[in-house]
Number of protein chains: 2
Amino acid sequence: MKVPSSSPGRRERNKQQKLDRITEAADQLFGRFGVDEVTTQQIADAADIGTGTLFLYARSKAELLLLVQNTHYAEAIEAGLLAADDAASPLDAVMALVEPVVECNRRQIENGRTYLRELVFGDPEEPHHRIGLEIIQQVDDAYVEILQRDGRLSAGDAALLARAISAVMFVSLASPAHLQSTDQEVCDDIRNQVRVLLRP
Amino acid sequence: MKVPSSSPGRRERNKQQKLDRITEAADQLFGRFGVDEVTTQQIADAADIGTGTLFLYARSKAELLLLVQNTHYAEAIEAGLLAADDAASPLDAVMALVEPVVECNRRQIENGRTYLRELVFGDPEEPHHRIGLEIIQQVDDAYVEILQRDGRLSAGDAALLARAISAVMFVSLASPAHLQSTDQEVCDDIRNQVRVLLRP
DNA sequence: CCTCATAAATGAGTACATTCATAAAAAACG
DNA sequence: CGTTTTTTATGAATGTACTCATTTATGAGG
């Protein structure tokens, strides 16, 4: 048995390199053509690996999309958390979080909708799925914190209201009604709904 | 050119019979095994039609599920609309609508989730999809009416709040978190969220 | 260095939804 | 009726995500 401390070993290095190539290839191809227009074979070819190898690194095409997109959402949410700190009102704070997520989600609308679809309907046990859920949970947690700032809501009610806001954002982003809308229009639509929810 | 008035003609009769056989077969098989465990071939065989014929009557397997389920949801909503009329409070009225839908949706949980998934993410141009959207739009309209009963909300705000309630119901039903829950637990969860939304 | 055990990679194979060229049936027309 | 046109039915063929028996690479022990 070898000590796992110092060197990662060639095996580990190879694995990491392959994962990097896969992530890079999938990100490029998905971003360029949309998840439905890209075959797993094309990704495998672009990453220079065998057909089946791909599925050792992501158990499904959906997982591959989550793997690629999670990073982008994490960045968007980081920005949103910062912006929410100096918002004047709870509504503005919520929207400071919503805006970067909307922007991220709609960079490629088809991918954005598929990402949401898989988060809700995919297998929550899959590794990248789990990570995706953790990432959006951060937004929910931030909503709770925002809603409690002025002390008018109990912790329980704040949690429930936060879930409602998340649901509103989810459905607004997923709905085909907004396929042709601008990001701004989607944000405005969400803001209007949240405004009514917050009106105490 | 023949007058289309009097007799339906053998062609029309055959078509109707086939559609009936397809609907019956799909309803049975989906209900028994769940949509993912049934192949379109099995449905075609059960309906005693050719492989390709199925897709003349429903453009996709998803459309077939919508075709079969729309009827059930329409019935559930009809019951809900009646019950909502003699509810004491807006919250009770909303829940009178929610309960039959939850019951219908969760008769077979996998089918229920797939139904919601296809309604939101499927092609809204497909005929049965369109009908499904019209059916759930009734629920949304009913929410608007309920919310305006006491006159404390403008029409616009009522519409926005109704959409939020719909979003809450959708996400609560779709979420894997409720895979193991009872119908009652799901209803309670939705009720809690709606209660917070309605608290002015 | 050699041998064996274990992990990783591979691509031919599978399953299944959907399509499409062709055939059969029905209607229209004389 | 027979002919032509239009609609409907069919199942073999297709495309694609995913699996799995087999091969190959890596590391451990001697």
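Note that the coordinates shown come from a computational prediction; the quantities given were computed from them, not determined experimentally. Letters A, B, ... are given to chains in the order of the sequence lines, protein chains preceding strands, and every chain is numbered from 1.
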Classify the nucleic acid contact of I49(B) as base, sugar-phosphate or nothing, counting any heavy atom under 4.0 Å across all strands shown. sugar-phosphate
Heavy atoms under 4.0 Å, any strand shown: does T39(A) hit a base, just sugar-phosphate, or nothing? sugar-phosphate
Between N or O atoms, less than 3.5 Å apart, protein on one side and nucleotides 5-8 of chain D on the other: list the pairs.
| from | atom 1 | to | atom 2 | distance (Å) |
| --- | --- | --- | --- | --- |
| dT7(D) | O4' | R11(B) | NH1 | 3.1 |
| dT8(D) | OP1 | K15(B) | NZ | 3.0 |

Rounded to the nearest angstrom, tell me the gap between atom CG in L19(B) and atom P in dA9(D). 11 Å
Hey, does L54(B) have a side-chain heavy atom less than 4.5 Å from the side chain of I43(B)? yes
Looking only at side-chain atoms of F55(B), point me to the closest of dA17(C), dG11(D), dT26(D). dA17(C)
Residues D48(B) and K18(B) bridged, charged N to O under 4.0 Å: no
Distance in angstrom units between R59(A) CZ and dA8(C) P, rounded: 14 Å
Which listed nucleotide (dA9(D), dA17(D), dA9(C)) is nearest to the side chain of T53(B)? dA9(D)
For dA8(C) and N14(A) - does any side-chain N or O of the residue sit under 4.0 Å from the phosphate oxygens OP1/OP2? no
Rounded to the nearest Å, what distance is computed from the CD atom of residue E118(B) to the C1' atom of nucleotide dA17(C)? 13 Å
Spacing of R13(B) atom CZ relative to dA26(C) atom P, expressed in whole Å: 10 Å
When rounded to the nearest 0.5 angstrom, what distance separates CG in D45(A) from CD in Q41(A)? 4.5 Å
After noting the C-alpha distance and the side-chain angles of T182(B) and E185(B), does the key distance pass the side chain to side chain contact (heavy atoms under 4.5 Å, CB included) rule? CA-CA 5 Å; T182(B) 63; E185(B) 286 165 343; 3.3 Å; yes
Here the distance between atom P of dC18(D) and atom NZ of K61(A), to the nearest Å, is 8 Å
Using only side-chain N and O atoms of T51(B), determine if any of them is under 4.0 Å from OP1 or OP2 of dT10(D). no
Report the relative orientation of the aromatic rings in F170(A) and F170(B); use parallel for angles under 30°, tilted for 30 to 60°, perpendicular for over 60°. parallel
Any idea how Y115(A) and Y73(A) line up, ring-wise: parallel (<30°), tilted (30 to 60°), or perpendicular (>60°)? parallel
Calculate the interatomic distance between E126(A) atom CD and dC18(D) atom P; express it in whole Å. 10 Å
Here the distance between atom P of dC16(C) and atom CD1 of I43(B), to the nearest Å, is 12 Å
Would you mind reading off the distance between Q41(B) atom CD and dT14(C) atom C1', rounded to a whole angstrom? 16 Å
Decide yes or no for V168(A) and R163(B): does some side-chain heavy atom of the first lie under 4.5 Å from some side-chain heavy atom of the second? no
